[in-house]
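For reference, the structure is listed below as structure tokens.
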There are 2 protein chains.
Amino acid sequence: MALEHAILVSLLEKPGSGYELAHRFERSIGYFWTATHQQIYRVLGRMEGDGLLDVREVPQQGRPDKKEYSVAAPGRAALSAWLHQPVEPESIRHELAVKIRGAAFDDPAALISEVERHRKAHSDRLARYLTGEQRDFTGPEAPRPLDTGRELQHVVLRGGIAFERMTVAWLDDVLDTLHRLRAERPGAT
Amino acid sequence: MALEHAILVSLLEKPGSGYELAHRFERSIGYFWTATHQQIYRVLGRMEGDGLLDVREVPQQGRPDKKEYSVAAPGRAALSAWLHQPVEPESIRHELAVKIRGAAFDDPAALISEVERHRKAHSDRLARYLTGEQRDFTGPEAPRPLDTGRELQHVVLRGGIAFERMTVAWLDDVLDTLHRLRAERPGAT
DNA sequence: CTTGTATATGCAACGAGTTGCATAAGAGGA
DNA sequence: TCCTCTTATGCAACTCGTTGCATATACAAG
């Protein structure tokens with residue numbers, strides 16, 4: 001149930017509506033957890049029912065009203081309990097890797113454009129992360145000592161950056177391999 | 001439905017029983033996709049029902065009989081169709097990162113042992129991958145040119161190695177950060 | 001005045017994945 | 001003899017996650 005915990009963390013950082021949370025999950029929270037708005041609304045409803053969250057109806061002008069959620073005391077306790085419990089180190093799930101190994105039973109060269117597409121998506125994301133890092137964590141915006149929250153946000157962002165950099169480099173390795181295999185078998189398409 | 005495709009790839013590489021597949025998913029296939037035996041048996045049953053797989057009852061001595069699955073023609077066609085379809089670049093889901101950001105609202109120093117545990121798990125996995133690479137892809141066992149399948153297996157393994165290396169380095173960064181934060185706030189536990 | 005975009009919330013159905021349990025045969029050791 | 005481990009297969013119940021659809025307000029562009 002890590003979505004619950006990701007929502008608690010995000011709402012502790014700043015209260016907000018389901019819609020706003022969905023956007024954060026496409027941005028900063030998205031470095032390490034993803035969720036669609038349907039999932040978020042469903043879980044928000046359940047968490048409110050369980051007393052983990054408080055809701056406040058916020059009337060707005062020029063746009064529909066919203067429900068602003070914030071973390072209630074039991075929610076904070078639930079997060080704290082989870083933080084003190086071990087979680088299992090996760091394994092990767094990489095569909096593209098399944099495809100690469102599957103390509104041995106089809107035409108490997110046909111994968112090249114797909115891999116290039118993935119490479120672009122990851123290098124775009126890397127650029128976005130680096131821009132965010134420049135904006136939020138350097139110069140006058142750099143976290144002062146003792147700003148624990150900012151320091152921890154930064155180290156998580158550095159993890160996202162390292163992941164994307166590693167992925168781009170690996171996809172280059174994959175592309176080299178696919179090109180080499182095509183050169184060795186000039187008969188293939 | 002990537003589990004289906006991962007099973008097709010694995011059975012094309014070598015036919016086997018559900019039990020054997022479950023073990024492969026803890027080893028080589030596990031570089032990029034995980035699954036428990038319950039999931040595997042369920043999906044194997046469905047795939048057989050859909051005509052994607054052939055089954056053969058294999059009587060054994062000294063152990064229970066097994067059902068050996070292999071890929072039927074429609075299964076091969078289904079894999080090929082999927083290979084030619086684009087898949088979305090995936091995002092990470094990293095529970096530990098949720099915890100790190102959540103630690104800002106609790107005691108960051110309490111996370112240190114948890115992060116160390118994860119670091120060990122990842123560096124153990126890295127060592128296992130490197131041993132496997134030595135065994136299967138160097139010296140007399142190195143893939144000859146034109147051995148497409150082996151080359152592709154190797155590039156996927158290199159991806160697993162790169163991922164674990166990157167993760168270990170990042171967790172060191174996280175540990176540095178947590179230690180630094182603890183030093184700056186000597187009051188905390 | 002219609003179309004498109006952004007804000008805002010939600011249901012229903014399905015498929016994917018996890019957890020707990022159950023069964024059964026043979027091998028090896030206490 | 002009993003206990004445990006390995007091989008081998010599976011059901012049931014549940015939660016998690018995805019996809020498609022539905023609704024409503026407001027603003028801007030054509």
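Sequence lines set the chain letters: A, B, ... in the order given, protein chains first and strands last, and positions in each chain run from 1. What you see below is based on every heavy atom in this structure, not just the backbone, and it leaves out hydrogens, waters and symmetry mates.
Taking atom CG of residue Leu21(A) and atom P of nucleotide dT7(C), one finds them 14 Å apart after rounding to whole Å. In this structure, Ile40(A) places its CD1 atom 14 Å from P of dC16(D), rounding to the nearest Å. For Met47(A) and dT15(D), the CE to P distance is 16 Å, given to the nearest whole Å. Taking atom CD on Glu90(A) and atom P on dG17(C), their separation rounds to 14 Å, with Å as the unit. When the P atom of dT7(C) is taken as reference, atom CG of Asp65(A) falls 16 Å away, rounded to whole Å. For the pair Phe25(A) CZ and dG17(D) P, the interatomic distance rounds to 10 Å; values are reported in whole Å. Atoms CZ (Arg42(B)) and C1' (dC14(D)) sit 11 Å apart, rounded to a whole Å. In this structure, the CD atom of Glu57(B) is 14 Å from the C1' atom of dG10(D), given to the nearest Å.
Of the side-chain N and O atoms in Arg46(A), one or more sit less than 4.0 angstrom from OP1 or OP2 of dC16(D). For the pair Gln38(A) and dT19(D), the criterion of a side-chain N or O lying under 4.0 Å from OP1 or OP2 is not met. Close to dT9(D), at under 4.0 Å from its OP1 or OP2, lies a side-chain N or O of Tyr41(B). In this model, the phosphate group of dT9(C) is not approached by any side-chain N or O of Tyr19(A) to a distance below 4.0 Å at OP1 or OP2. Between dT7(C) and Ser17(A), no contact under 4.0 Å exists linking OP1 or OP2 to a side-chain N or O. Proximity of Arg93(B) to the phosphate of dG17(D): a side-chain N or O atom is located under 4.0 Å from OP1 or OP2.
Along DNA chain D, the nucleotide nearest to His37(A) and the one nearest to Trp33(A) differ in position, and the one closer to the 5' end is contacted by Trp33(A). Each of Gly18(B) and Arg63(A) was assigned the nucleotide of DNA chain D with the nearest heavy atom; the assignment lying further toward the 5' end belongs to Gly18(B).
Residues Asp54(A) and Ser70(A) have side chains that never bring a donor and an acceptor to within less than 3.5 angstrom of each other.
Within the 3.5 Å criterion, the main-chain N or O of Ala109(B) finds a donor-acceptor partner in the side chain of Asp107(B).
In this structure, the nucleotide among dT18(D), dA8(D), dT7(C) sitting nearest to the side chain of Gln39(A) is dT18(D). Considering only the side chain of Tyr69(A), dG10(C) comes nearest among dT18(D), dG10(C), dT18(C).
Each of Lys66(A), Lys14(A), Arg27(A) was compared with Glu20(A) under the salt bridge (Lys or Arg N to Asp or Glu O under 4.0 Å) criterion, and only Lys66(A) meets it. Exactly one of Ile100(A), Leu175(A), Leu181(A) qualifies for a side-chain contact (heavy atoms from CB on, under 4.5 Å) with Val155(B). That residue is Ile100(A).
Contact record, Leu111(A) with Ala103(A): CD1-CB, 3.5 Å, taken as the closest heavy-atom pair.
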